[in-house]
Amino acid sequence: MQHRDLYPALVTVLALLVYAWNFSNAGQARGKHKIQAPATTGHPEFERKLRVQQNMIEQLIVFLPSLWIFCLTVQPLVGAALGLIFVFGRILYSVAYASDPAKRSLGFGLGALPTVILLLGSLVGVIRDFMVDM
């Protein structure tokens with residue numbers, strides 16, 4: 001296996017680590033503010049951190065398959081680079097949203113745009129590969 005083939009795997013691990021960080025932050029805020037499960041409301045800090053965690057998992061559902069399909073059908077290095085932008089954007093989003101949700105736009109955009117590119121590129125790559133095989 002060539003190293004370039006491992007780049008999407010590295011980006012996947014980094015994205016999952018960001019999710020684990022968000023998950024941990026939400027759990028710590030739950031404990032800090034003594035919010036008993038299954039409650040999802042309470043102190044605003046907890047609600048913001050829980051929303052960050054929920055939004056991250058919502059994004060991962062589209063991002064991860066798009067990343068891998070893009071890397072398999074288009075170009076793994078380009079896919080991994082787009083994935084790194086996603087990871088960086090999700091970190092920015094997480095920090096901004098936790099402090100002031102009004103400041104989340106840049107991080108959201110840096111996470112969403114690469115995902116859209118990966119998703120559309122995946123569609124093109126899959127269609128192209130079908131056409132080549134016909």
(request) Could you state whether L118 and L113 fall into the same hydrophobic cluster, counting links through intermediate Ile, Leu, Val, Met, Phe, Trp or Tyr residues with side-chain heavy atoms under 4.5 angstrom apart? (result) yes

(request) Enumerate the residue pairs fulfilling ring pair (Phe, Tyr, Trp, His ring centres under 6.0 Å) with a member in residues 107-130, sequence neighbours excluded, ordered by first and then second residue. (result) none

(message) Between L16 and L6, is there shared hydrophobic-cluster membership here, with clusters defined by ILVMFWY side-chain heavy atoms closer than 4.5 Å?
(response) no

(request) Kindly write out the residues that satisfy side-chain contact (heavy atoms from CB on, under 4.5 Å) with I127, not counting sequence neighbours, or none if the list is empty. (result) L123, M131

(request) Mind checking the NE2-CD spacing from H33 to Q28? Nearest 0.5 Å is all I need. (result) 11.0 Å

(request) Answer with yes or no whether the hydrophobic clustering places V18 together with F23; edges join I, L, V, M, F, W, Y residues whose side-chain heavy atoms lie under 4.5 Å apart. (result) yes

(request) Among residues two or more places apart or on two chains, list those pairs meeting salt bridge (charged side-chain N to carboxylate O under 4.0 Å, His left out) that have a residue in residues 25-39. (result) K32-E45

Contacts under 3.5 angstrom, residues 60-67 side chains, donor-acceptor by atom type, not counting sequence neighbours:
unit_1, atom_1, unit_2, atom_2, d
S66, OG, V62, O, 2.8

(request) Share the residues that join L120 in a hydrophobic cluster, the rule being Ile, Leu, Val, Met, Phe, Trp or Tyr side chains under 4.5 Å apart at the heavy-atom level. (result) V116

(message) Just to verify, what does L84 make a side-chain contact (heavy atoms from CB on, under 4.5 Å) with, not counting sequence neighbours?
(response) V11, L14

(request) For L92, enumerate each residue passing the side-chain contact (heavy atoms from CB on, under 4.5 Å) test, keeping only those at least two apart in sequence or located in another chain. (result) F88, L106, L110

(request) Give me the other members of the hydrophobic cluster that I35 sits in, counting Ile, Leu, Val, Met, Phe, Trp and Tyr linked by side-chain heavy atoms under 4.5 Å, directly or via other members. (result) F46, L50

(request) Find out if a path of hydrophobic residues (ILVMFWY) with successive side-chain heavy-atom gaps under 4.5 Å connects V87 to M56. (result) yes

(request) Work out which heavy atom in C71 is nearest to a heavy atom in A80; give both atom names and the distance. (result) SG-N, 4.0 Å

(request) Compare all side-chain heavy atoms of W68 with those of T12 and state whether any distance is below 4.5 angstrom. (result) yes

(request) Hey, could you give me each pair passing side-chain hydrogen bond (donor to acceptor under 3.5 Å, both in side chains) that has a residue in residues 106-130? Not counting sequence neighbours. (result) none

(message) Once rounded to the nearest 0.5 Å, what's the spacing between atom CD1 of I117 and atom CG of L82?
(response) 5.5 Å

Distance-only donor-acceptor pairs under 3.5 Å for side chains of residues 93-104, two or more places apart:
unit_1, atom_1, unit_2, atom_2, d
S94, OG, N22, OD1, 3.1
S94, OG, N22, ND2, 3.4
S94, OG, R90, O, 2.7
S99, OG, V95, O, 3.4
S99, OG, A96, O, 3.1
D100, OD1, A102, N, 3.2
R104, NH1, P101, O, 2.9

(request) Hey, could you give me each pair passing salt bridge (charged side-chain N to carboxylate O under 4.0 Å, His left out) that has a residue in residues 52-80? Not counting sequence neighbours. (result) R51-E58

(request) Grab the two heavy atoms, one from E47 and one from T40, that are nearest each other, plus how far apart they are. (result) CG-O, 4.0 Å

(message) Nearest 0.5 angstrom please: L77 CG to Y7 OH, how far?
(response) 6.5 Å

(message) Assigning hydrophobic clusters by single linkage (Ile, Leu, Val, Met, Phe, Trp, Tyr; side-chain heavy-atom cutoff under 4.5 Å), is V126 placed with F70?
(response) no

(request) Only counting residues at least two apart or in another chain, list the ones meeting side-chain contact (heavy atoms from CB on, under 4.5 Å) with V124. (result) none

